[in-house]
Enquirer: 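Dumping the structure here so I can ask a few things about it.
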2 protein chains.
Amino acid sequence: MSKVGIKDIAARSGVSSATVSRTLRNPELVSKDTRTRVLKAVKETGYKPNRFGASLRTQKSGNVVVVMPDITNQVNAGIIRAIESEAHKAGYSVLLGDTQNQEEREQHYADMVSSGQADGILIFTPNLPFTLQENKPVTEQLPPLVNSCEEIDNEDIYKVLIDNKAGGRAAVQHLLDLGHTCIAAVMGPKDTPSTLERLAGYKQALTEANIEINKNLIIRGDYRTVSGIEAMEKLLRLRHRPTAVFCFSDDMAIGAMNALREYDYRIPEDISVIGFDDISYAELMYPKLTTIRQPLEDIGRNCMQLLVEQLKGNRPEQKVIKLPFELVVRQSTGPVPR
Amino acid sequence: MSKVGIKDIAARSGVSSATVSRTLRNPELVSKDTRTRVLKAVKETGYKPNRFGASLRTQKSGNVVVVMPDITNQVNAGIIRAIESEAHKAGYSVLLGDTQNQEEREQHYADMVSSGQADGILIFTPNLPFTLQENKPVTEQLPPLVNSCEEIDNEDIYKVLIDNKAGGRAAVQHLLDLGHTCIAAVMGPKDTPSTLERLAGYKQALTEANIEINKNLIIRGDYRTVSGIEAMEKLLRLRHRPTAVFCFSDDMAIGAMNALREYDYRIPEDISVIGFDDISYAELMYPKLTTIRQPLEDIGRNCMQLLVEQLKGNRPEQKVIKLPFELVVRQSTGPVPR
DNA sequence: CTGAAAGCGCTTACAG
DNA sequence: CTGAAAGCGCTTACAG
């Protein structure tokens with residue numbers, strides 16, 4: 001690696017380093033003649049301004065950091081895509097922080113903001129990796145920040161959310177409408193806000209239909225495929241098997257369908273399956289998966305837009321953006337068997 | 001955001017900023033007493049050293065950048081996971097650069113190395129985003145760098161690869177072994193090294209079996225699901241339909257299976273389908289997808305290890321690491337219908 | 001339109 | 001064990 005600095009360019013083109021900097025940042029301040037000379041030298045040497053020098057001076061990094069529990073799952077994939085393209089529009093680079101569900105790594109990425117490596121942060125976990133002092137207003141203590149997907153328990157934070165409870169309720173209502181009364185739930189990871197909400201929706205729908213909640217029909221999962229398989233295997237052992245299963249994620253629903261096929265059940269003739277998310281593989285399954293669609297792209301776009309507003313120094317009035325979910329009926333759900 | 005600097009800590013604990021820095025970087029150089037005082041001040045204020053100041057001084061960023069055409073697909077997902085955990089072990093942070101197949105963005109991420117924001121780079125596209133001068137040795141002109149998945153046409157670069165040609169050949173040989181003679185190929189994006197290699201393997205296997213190459217049976221795709229659907233639809237219109245299809249990616253194979261089901265073909269009784277990659281969804285399909293497995297985790301791990309060696313200042317003798325693929329026979333391939 | 005100079009926040013060789 | 005000082009590579013207010 002050749003290490004070309006601003007001084008080399010200055011020397012090469014016979015101007016001061018100030019003029020080189022101006023040529024690159026504010027070319028309109030420089031005469032056409034010098035500009036040409038400087039740019040020639042830049043091109044010849046392949047000079048790139050050292051970001052640390054610039055950022056140290058300007059106190060801006062031009063980066064935003066995204067903190068996600070698992071960057072490789074399909075839900076986050078859809079969100080990331082939108083974040084990236086929106087950030088790009090606003091002139092920011094995205095640093096993707098995969099926490100692998102480790103608190104230490106969450107902290108690590110949050111520190112990138114504290115240490116100036118990023119100007120703002122998008123948080124998709126339910127924890128706020130910044131310590132707050134009680135006596136000061138929250139907004140003054142936090143960097144530009146938006147929270148989404150897993151709600152942080154703090155009213156003063158900007159958020160982009162869907163109504164998980166209503167989503168859960170809609171999923172179960174769909175099954176009730178098909179005549180099911182023995183409906184199982186496969187939950188996500190313990191104590192995550194999204195799971196608790198969806199569970200509340202599940203319970204609400206059943207209660208409204210005068211159906212008693214049966215604890216044996218509620219299984220803990222972790223949103224991943226394997227846990228869907230295991231949950232389904234547990235359910236199939238029950239004396240009174242469910243005729244329909246509401247999985248709190250598509251990945252678990254896909255696992256559940258695989259377990260059902262393994263044991264020769266027909267979907268939906270024997271057992272109906274509904275998921276949550278509408279990842280791209282949902283409609284590629286056989287049978288195609290009925291699910292509650294999260295507007296992944298909208299979530300990503302809104303998150304970034306809300307962050308960019310803050311980066312501009314604005315403090316939008318509206319703290320929370322609620323986005324709509326949608327029941328997508330496909331082939332994995334059908335009338336209750338009789 | 002409170003902006004606490006090293007001077008604030010120095011003042012608070014009654015020492016010089018040099019001592020604060022030592023306490024944080026080389027605590028063994030500082031007396032226990034001062035160390036305690038400094039750490040107390042750090043904790044109370046939540047001070048994080050500004051990365052730009054430090055990096056400007058040390059000329060190290062502690063970051064590596066990963067350049068990928070699409071961070072959200074499942075092949076890359078598997079690779080990223082391994083890269084992240086390996087980087088973490090070596091004390092590096094990973095900046096994920098999704099290029100969305102735009103050359104401009106590829107350049108942007110490469111510039112992060114040129115501008116000092118990253119100390120090394122992992123490139124999963126076939127283009128080298130650095131200009132080389134002919135008269136100097138290549139290694140001296142490049143930063144620590146490893147190339148994988150899509151081979152860059154340069155012998156002096158460190159690479160982690162699988163034998164795509166042999167992989168393609170193995171896929172077709174599997175179909176030949178099942179008695180198929182009319183075998184279609186659904187290729188990836190035009191001119192990508194991986195696709196050209198797999199195609200060469202396809203042709204080699206057929207030629208060895210004395211089967212003539214039929215251009216109508218070779219369709220262009222782009223590795224994504226939709227292109228698999230479209231390719232299959234084209235193939236089904238042919239007067240002499242293939243009895244087996246080799247898709248150069250699992251996503252396209254999944255698309256192809258969906259198209260087949262749409263038109264009431266049975267898999268594999270009517271038409272066999274084989275993919276390439278073995279993404280996690282491959283074995284969750286119905287029928288479960290037969291495919292050529294890429295060792296995604298191994299690829300990621302080896303890439304990062306090879307990069308870390310270079311970051312340490314070493315220049316390993318072996319430039320290319322070849323990793324083995326594996327034919328995974330599942331349910332989407334079967335004997336030729338008679 | 002251009003240059004000299006200050007300074008962003010650190011780290012580290014040097015001196016004590 | 002600790003401090004004063006230099007300097008990493010930029011940008012920009014100021015002066016001309």
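Just so it is clear, the values below take in all heavy atoms, side chains as well, and ignore hydrogens, waters and symmetry mates. Within every chain, numbering begins at 1; the chains are lettered A, B, ... in the order of the sequence lines, protein sequences first and strands thereafter.
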Enquirer: Once ring pair (Phe, Tyr, Trp, His ring centres under 6.0 Å) is applied, do any residues pair with A/Y158, and if so which ones, sequence neighbours excluded?
Expert: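 Partners of A/Y158 under the ring pair (Phe, Tyr, Trp, His ring centres under 6.0 Å) test: none.
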Enquirer: What residues, two or more places apart in sequence or in another chain, satisfy side chain to side chain donor-acceptor pair (under 3.5 Å) together with A/D119?
Expert: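 With neighbours one apart ignored, the set is A/S61.
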Enquirer: Could you tell me how far D/dG9 sits from D/dA13 if I compare only their P atoms? Round to whole Å.
Expert: 23 Å
Enquirer: Each nucleotide in nucleotides 3-9 of chain D should get exactly one letter: B, S or -. Can you fill that in based on protein heavy atoms under 4.0 Å?
Expert: BB-BBBB
Enquirer: Suppose we screen for side chain to side chain donor-acceptor pair (under 3.5 Å). Which residues come up paired with B/N63, at least two apart in sequence or across chains?
Expert: A/Q117
Enquirer: Among residues at least two apart in sequence or on other chains, which ones pass side chain to side chain contact (heavy atoms under 4.5 Å, CB included) with B/S21?
Expert: B/I6, B/R25
Enquirer: Starting at the 5' end of DNA chain C, write a dot or bracket for each base, bracketing those in Watson-Crick or G-U wobble pairs whose two distances are under 3.5 Å and using | for partners on another strand.
Expert: |||.||||||||.|||
Enquirer: Quick test of your reading: applying ring-ring contact (aromatic ring centres under 6.0 Å, His included), list the pairs with at least one residue in residues 23-77 of chain A, sequence neighbours left out, ordered by first then second residue.
Expert: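 Every pair satisfying ring-ring contact (aromatic ring centres under 6.0 Å, His included) with a residue in residues 23-77 of chain A: A/F52-B/F52.
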Enquirer: Taking C/dG16 as the reference, what is the distance to C/dT12 when you measure between their C1' atoms (whole Å, please)?
Expert: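 Straight-line distance between the two C1' atoms is 16 Å.
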Enquirer: Only pairs under 3.5 Å count here: list side-chain donor-acceptor contacts from residues 311-318 of chain A, not counting sequence neighbours, and write none if there are none.
Expert:
unit_1 : atom_1 : unit_2 : atom_2 : d
A/N314 : ND2    : A/E309 : OE1    : 2.8
A/Q318 : NE2    : A/V320 : O      : 2.9

Enquirer: List in chain and number order the residues that pass side chain to side chain donor-acceptor pair (under 3.5 Å) with B/N127, two or more places apart in sequence or in another chain; answer none if no residue qualifies.
Expert: B/E106
Enquirer: What pairs with A/S93 under side chain to side chain donor-acceptor pair (under 3.5 Å), at least two apart in sequence or on another chain?
Expert: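 By the side chain to side chain donor-acceptor pair (under 3.5 Å) rule, A/S93 matches B/H108.
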Enquirer: Tell me, which of residues 23-35 of chain A have any heavy atom that sits under 4.0 Å from an atom in DNA chain D?
Expert: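 The stretch gives A/R25 as the residues lying under 4.0 Å from the strand, ordered by number.
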Enquirer: Could you tell me which residues satisfy ring pair (Phe, Tyr, Trp, His ring centres under 6.0 Å) with A/Y223, sequence neighbours excluded, listed by chain and number?
Expert: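 With neighbours one apart ignored, the set is empty.
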Enquirer: Check whether any side-chain N or O of B/S17 sits under 3.5 Å from a backbone N or O of B/A10 as a donor-acceptor pair, and report yes or no.
Expert: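 Not confirmed, B/S17 side chain does not pair with B/A10 backbone.
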